[in-house]
Amino acid sequence: MLSTYNPAQPCAPPTALSRSSARPHSAAPLRGASGAAALAVPLAVRQVRRKARNLRATSSELRELAKANLLNNYGERQMIFREGQGHILKDNDGESFLDFTAGIAVNCLGHSDEGWAQTVAEQASKLCHTSNLYLNEEQIRLGQRLVELSFADKAFFCNSGTEANEAAIKFARKYHFSRGEARSKFLAFENAFHGRTMGALALTWKEGYKKPFEPLMPSAGFIKYNDMDSLDAIDEETCAVFVEPIQGEGGVVPGSKEFLLALRKRCDETGTLLIFDEVQCGLGRSGKLFAYELSGVLPDLMTLAKPLAGGLPIGAVLLTEAVASCISPGDHGSTFAGAPLVCAAARYVLDQVSNPDFLENVRTTGSHLKAGLEKICDPQGLQVRGTGLLIGVVFPTAEQCGAVQRAAAAEIGNCWF
């Protein structure tokens, strides 16, 4: 059962503008100033006071401001959170909640991790951004660590998961172009999700995400996940295959070892690049640092994002030397990617999630969670699947999933996923 959480110790507030610092200093008209100038100072004071009051607006006032000023692409949102500590979020009215969302698989260390916050604050006080016209040590060290921990020979940085997949599309095209055999065909899998920008969207299965924005990249197709026979669609005209080793939005569906091995074999036979999208399932969530370790199948490229910087925007593409050697200066780039601030945060996160004790805790906790869910779900005929802490309960319909959430909310008054 999910319920409103009332911790014995209140959440420690993050560093923020205090009420005293938001209060305007007193001011008096300048001596000898004209009447209009004299009135200007109190007007400015009143404006600052209004802004200070806005910092302490009620939730209903903030929702109205959001409705008036923000694009309605996320639908109407009721919850407004203002601080968090560990697995607890506190809303704008001071009520505490257990966080079952983790920023959509982003906050892998919880909220306001002390070491993360200190790392970010220290780096922010030194250097935040320089662009990729110049090197910075944080970017270099992060790339070095990712290469050391993975199959890859090189790393490329961007700002999100969909950006990482867009870059992988370009890198795959350039790989074949540089070999004198340009290929345009891409394959992904049914129920896949790879992003919302135009190339990644073309490789995303759900029709509702795509229909209003067509035509998309025309050379994208789909085959069945965990189906050996579907692999025959991969041929000598296929540029690359995108696959999630564990499908996330597709329903927490692990790729079987046999299927992933057969996929690797078929890509090798046809000269097709194999791209693993580990934006959702990578960086410790499966109980392994990278989900490809579960099968032992090595990709040619791999995309990462979500938890890598613990809440700051980052994406990455890891590449073998065979692919990386085909990329030339000017082939791709980004203004913000690999900035010192976000890379410092990512280095800290990577050090934590790659720690063997951390990964063992993911496996142990995940096994405990899965066993508990199975005890509840088995009598209802509901399947529990997944690995590590990437676990889902399979309901027959989406409507039933929503009904469970509504029933929980009615039971305890406040329940938010």
Side-chain angles (χ1 to χ4, degrees), residues 73-75 100-108 158-170 172 186-227 230 233 239-256 259-260 263 273-286 290-292 294 299 301-308 313-318 385-395 397-398 401-402 417:
N73 58 310
Y74 298 109
F100 279 77
T101 305
I104 314 180
V106 167
N107 302 114
C108 60
C158 50
N159 304 289
S160 68
T162 194
E163 280 192 35
N165 284 328
E166 294 285 349
I169 290 170
K170 289 182 69 174
F186 286 90
L187 290 175
F189 290 89
E190 294 180 5
N191 299 313
F193 181 87
H194 294 292
R196 294 178 184 269
T197 50
M198 297 300 276
L201 188 59
L203 297 168
T204 292
W205 171 250
K206 190 178 288 186
E207 192 65 25
Y209 289 158
K210 300 187 289 186
K211 188 66 176 176
F213 310 106
E214 293 176 340
L216 303 174
M217 185 171 65
S219 53
F222 295 90
I223 54 180
K224 291 185 180 296
Y225 195 70
N226 274 334
D227 181 3
S230 71
C239 179
V241 176
F242 274 78
V243 64
E244 300 159 90
I246 305 172
Q247 287 191 329
E249 181 159 324
V252 190
V253 183
S256 71
F259 173 71
L260 294 173
L263 174 59
L273 293 177
L274 179 57
I275 302 173
F276 276 11
D277 179 344
E278 294 210 16
V279 169
Q280 177 112 228
C281 63
L283 294 166
R285 199 169 177 206
S286 70
F290 301 114
Y292 74 77
L294 295 169
L301 302 91
M302 180 171 70
T303 57
L304 302 170
K306 286 188 180 293
L308 181 53
I314 191 173
V317 184
L318 304 186
R385 65 187 178 209
T387 184
L389 284 171
L390 180 49
I391 298 172
V393 177
V394 185
F395 287 89
T397 67
C401 292
F417 292 77

Original post:
Heavy atoms, side chains only, cut-off 4.5 Å: are Gln247 and Glu190 in contact?
Top reply: no
Original post:
Is the shortest heavy-atom distance from the side chain of Val253 to the side chain of Arg385 under 4.5 Å?
Top reply: yes
Original post:
Side-chain contact, heavy-atom cut-off 4.5 Å: Ser286 with Leu390?
Top reply: no
**OP:** May I have the step-by-step check of side chain to side chain contact (heavy atoms under 4.5 Å, CB included) for Phe290 and Met302, ending in yes or no?
**Re:** CA-CA 10 Å; Phe290 301 114; Met302 180 171 70; 3.6 Å; yes
Original post:
Closest approach of Ala291 and Pro245, non-hydrogen atoms and distance?
Top reply: CB-CB, 4.0 Å
Original post:
Between Pro307 and Asn107, is any pair of side-chain heavy atoms under 4.5 Å apart?
Top reply: no
Original post:
Does any non-hydrogen side-chain atom of Asn165 lie less than 4.5 Å from one of Leu203?
Top reply: no
Original post:
What's the shortest heavy-atom distance between Asn226 and Pro254, and which atoms?
Top reply: ND2-O, 3.1 Å
Original post:
Just how far is it from atom CG of Asp277 to atom CD1 of Ile246, taken to the nearest 0.5 Å?
Top reply: 12.0 Å
Original post:
Which value, rounded to the nearest 0.5 Å, describes the distance between Phe395 atom CZ and Cys401 atom SG?
Top reply: 5.5 Å
Subject >> Shortest non-hydrogen separation from Ala202 to Ala220 and the atoms involved >> reply: O-CB, 3.6 Å
**OP:** Would you mind telling me which of Glu249, Lys306, Glu244, Arg285 makes a side chain to side chain donor-acceptor pair (under 3.5 Å) with Gln280?
**Re:** Arg285
**OP:** For the residue pair Leu273 and Val241, establish whether any side-chain heavy-atom pair is separated by less than 4.5 Å.
**Re:** no
Subject >> Atom pair CD/CG of Glu278 and Leu304 - distance to nearest 0.5 Å >> reply: 6.5 Å
Original post:
Are Leu201 and Phe213 side-chain neighbours, meaning at least one heavy-atom pair lies under 4.5 Å?
Top reply: yes
Original post:
Could you go step by step and tell me if Glu214 and Glu207 meet the side chain to side chain contact (heavy atoms under 4.5 Å, CB included) rule?
Top reply: CA-CA 10 Å; Glu214 293 176 340; Glu207 192 65 25; 3.4 Å; yes
Subject >> Expected output: side-chain Asn191 to main-chain Gly251 donor-acceptor under 3.5 Å >> reply: no
**OP:** In sequence, state the C-alpha distance, the side-chain angles, and the governing distance for Thr387 and Leu294, and then conclude on side chain to side chain contact (heavy atoms under 4.5 Å, CB included).
**Re:** CA-CA 10 Å; Thr387 184; Leu294 295 169; 3.9 Å; yes
Subject >> Closest approach of Leu283 to Ala305 (non-hydrogen atoms, all atoms of both residues) >> reply: CD1-O, 4.0 Å
**OP:** Report the C-alpha separation of Trp205 and Phe189 in whole Å, then their side-chain angles, then the decisive distance to 0.1 Å, and conclude whether the ring-ring contact (aromatic ring centres under 6.0 Å, His included) test is met.
**Re:** CA-CA 7 Å; Trp205 171 250; Phe189 290 89; over 10 Å; no
Original post:
Okay, side chain of Thr204, backbone of Gly195: is any donor-acceptor separation there less than 3.5 Å?
Top reply: yes
Subject >> From Met217 atom CE to Phe186 atom CZ, the distance as rounded to the nearest 0.5 Å >> reply: 5.5 Å
**OP:** Hey, could you give me the OG1/CD1 distance between Thr303 and Ile169, rounded to the nearest 0.5 Å?
**Re:** 10.0 Å
Original post:
Does the separation of the ring centres of Tyr225 and Phe259 fall below 6.0 angstrom?
Top reply: yes
Original post:
Is there side-chain contact between Val243 and Phe276, with heavy atoms separated by less than 4.5 Å?
Top reply: yes
Original post:
If you measure from CG on Leu187 to CD1 on Ile223, what distance do you get to the nearest 0.5 Å?
Top reply: 5.0 Å
Original post:
Is there a donor-acceptor pair closer than 3.5 Å between any side-chain N or O of Glu166 and the backbone N or O of Thr162?
Top reply: no
